[in-house]
*Asks:* 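Just passing along the structure, written as structure tokens.
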Amino acid sequence: GALVYQYPRRTICKSGTSMRMECQAVGFQATSVAWYRQSPQKTFELIALSTVNSAIKYEQNFTQEKFPISHPNLSFSSMTVLNAYLEDRGLYLCGARVRDRGNTGQLYFGEGSKLTVL
Amino acid sequence: AQKVTQTQTSISVMEKTTVTMDCVYETRDSSYFLFWYKQTASGEIVFLIRQDSYKKENATEGHYSLNFQKPKSSIGLIITATQIEDSAVYFCAMRVSPLNTGANTGKLTFGHGTILRVHP
């Protein structure tokens with residue numbers, strides 16, 4: 001089945017430092033990867049949608065300068081949170097999209113990378 | 001803009017019973033996909049079941065099934081024979097299919113989740 005691994009699972013960083021997280025699709029080719037942040041209140045925000053060989057599309061309030069993403073192949077993506085501050089804390093989730101005939105956009109998620117900022 | 005609303009904050013049930021979780025959505029698009037995911041205590045988000053808007057039949061997947069009422073923009077999740085392990089936070093999500101080029105935005109809009117507690 002489709003598996004998505006994310007690491008690290010948890011990071012505690014000092015305010016103003018950066019955190020890099022990785023997302024690995026195992027057993028399938030992820031045509032695109034969506035990075036989400038889940039707040040402590042459990043709400044989801046889409047940060048960006050990344051498709052291999054295409055420009056990464058960032059949502060409003062999220063920028064490449066703050067959340068640079070690398071997506072070199074169909075099984076791997078990484079994202080960095082630069083200069084993390086308290087408002088950046090949360091669970092960062094990587095959702096990998098499987099190519100399917102119905103073009104449903106169904107995502108398979110990893111376990112997330114939890115960021116705590118001190 | 002799309003919106004997904006889960007009005008139930010939490011539900012408690014006894015194991016082996018049936019539970020229904022509500023979800024209503026808003027979209028102007030005629031073609032869309034509806035998903036239910038659950039988030040376990042570890043944070044993992046697990047895909048459960050999907051309903052395609054053009055399908056009239058309610059989707060079923062193991063002990064999960066959906067109550068799709070398109071005129072009401074409602075997609076309830078039904079879990080039969082609940083187990084302790086079903087305790088989790090359940091999220092309803094929607095994705096629309098853009099009408100122009102069929103380009104896939106891939107964006108899922110999530111509800112705020114419903115906490116399910118299954119008691120022995």
Side-chain angles (χ1 to χ4, degrees), chain A residues 1-10 28 30-52 54-60 62 71 77 90-115, chain B residues 1-6 8-10 23 27 29 31-55 59 61-62 75 88-116:
Chain A
L3 290 174
V4 177
Y5 289 108
Q6 275 188 258
Y7 39 90
R9 293 291 313 282
R10 296 173 185 273
F28 69 102
T31 57
S32 60
V33 170
W35 285 94
Y36 282 83
R37 178 171 68 195
Q38 186 182 33
S39 69
Q41 294 73 35
K42 302 295 185 186
T43 56
F44 288 87
E45 295 176 281
L46 176 65
I47 297 170
L49 182 67
S50 173
T51 303
V52 175
S54 295
I56 299 171
K57 186 177 178 184
Y58 285 84
E59 289 291 290
Q60 195 173 8
F62 296 97
H71 193 179
S77 178
L91 181 67
Y92 287 81
L93 291 153
C94 160
R97 183 186 161 217
V98 179
R99 187 192 306 274
D100 63 317
R101 277 193 294 178
N103 200 24
T104 67
Q106 182 170 314
L107 297 177
Y108 291 93
F109 288 91
E111 292 181 298
S113 295
K114 185 176 181 179
L115 175 61
Chain B
Q2 292 75 45
K3 186 177 179 182
V4 176
T5 303
Q6 294 176 254
Q8 300 155 305
T9 304
S10 66
C23 175
T27 180
D29 293 84
S31 179
Y32 48 89
F33 304 95
L34 301 162
F35 306 85
W36 277 91
Y37 290 86
K38 78 173 188 181
Q39 186 170 32
T40 64
S42 70
E44 181 184 12
I45 295 184
V46 180
F47 164 74
L48 298 177
I49 192 169
R50 185 186 84 235
Q51 179 79 39
D52 302 345
S53 65
Y54 62 88
K55 291 185 177 178
E61 193 71 50
I75 184 72
V89 183
Y90 287 78
F91 291 94
C92 177
M94 173 175 66
R95 177 189 164 268
V96 299
S97 291
L99 299 176
N100 46 9
T101 62
N104 181 1
T105 67
K107 177 179 179 177
L108 290 181
T109 300
F110 286 86
H112 285 187
T114 297
I115 300 170
L116 176 65

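Within every chain, numbering begins at 1; the chains are lettered A, B, ... in the order of the sequence lines, protein sequences first and strands thereafter. This is a predicted model, so every value here is computed, not measured.
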*Asks:* What do you reckon, is OH of A:Tyr5 surrounded by more than 12 foreign heavy atoms closer than 6.0 Å?
*Replies:*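 For A:Tyr5, atom OH is not crowded (no more than 12 foreign heavy atoms under 6.0 Å).
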*Asks:* A:Gln106 and B:Phe35: side chain to side chain contact (heavy atoms under 4.5 Å, CB included), yes or no, with the steps?
*Replies:* CA-CA 8 Å; A:Gln106 182 170 314; B:Phe35 306 85; 3.6 Å; yes
*Asks:* Rounded to the nearest 0.5 Å, what separates atom CG in A:Leu91 from atom CD in B:Glu44?
*Replies:*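 If I round to the nearest 0.5 Å, the distance is 11.0 Å.
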*Asks:* Are there more than 12 heavy atoms of other residues, nucleotides or ligands under 6.0 Å from atom NZ of A:Lys114?
*Replies:* no
*Asks:* With a 4.5 angstrom heavy-atom cut-off, could you sort out which part of A:Gln41 is near chain B: side chain, backbone, both or neither?
*Replies:* neither
*Asks:* CZ of A:Phe44 to CZ of B:Phe91: how many Å apart, nearest 0.5 Å?
*Replies:* 4.0 Å
*Asks:* I'd like to check the salt bridge (charged side-chain N to carboxylate O under 4.0 Å, His left out) partners of A:Glu59; sequence neighbours left out, ordered by chain and number.
*Replies:*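 Salt bridge (charged side-chain N to carboxylate O under 4.0 Å, His left out) list for A:Glu59, sorted by chain: B:Lys107.
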*Asks:* For the candidates A:Gln38, A:Arg9, A:Glu45, A:Gln6, which exhibits the highest count of non-hydrogen atom pairs separated by less than 4.5 Å from chain B?
*Replies:*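 If we count pairs closer than 4.5 Å to chain B, A:Gln38 comes out on top.
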*Asks:* Quick one: salt bridge (charged side-chain N to carboxylate O under 4.0 Å, His left out) partners of A:Lys42, sequence neighbours excluded?
*Replies:* none
*Asks:* Is there a side-chain contact between A:Leu107 and B:Tyr37, using heavy atoms and a 4.5 Å cut-off?
*Replies:*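 A side-chain contact under 4.5 Å exists here.
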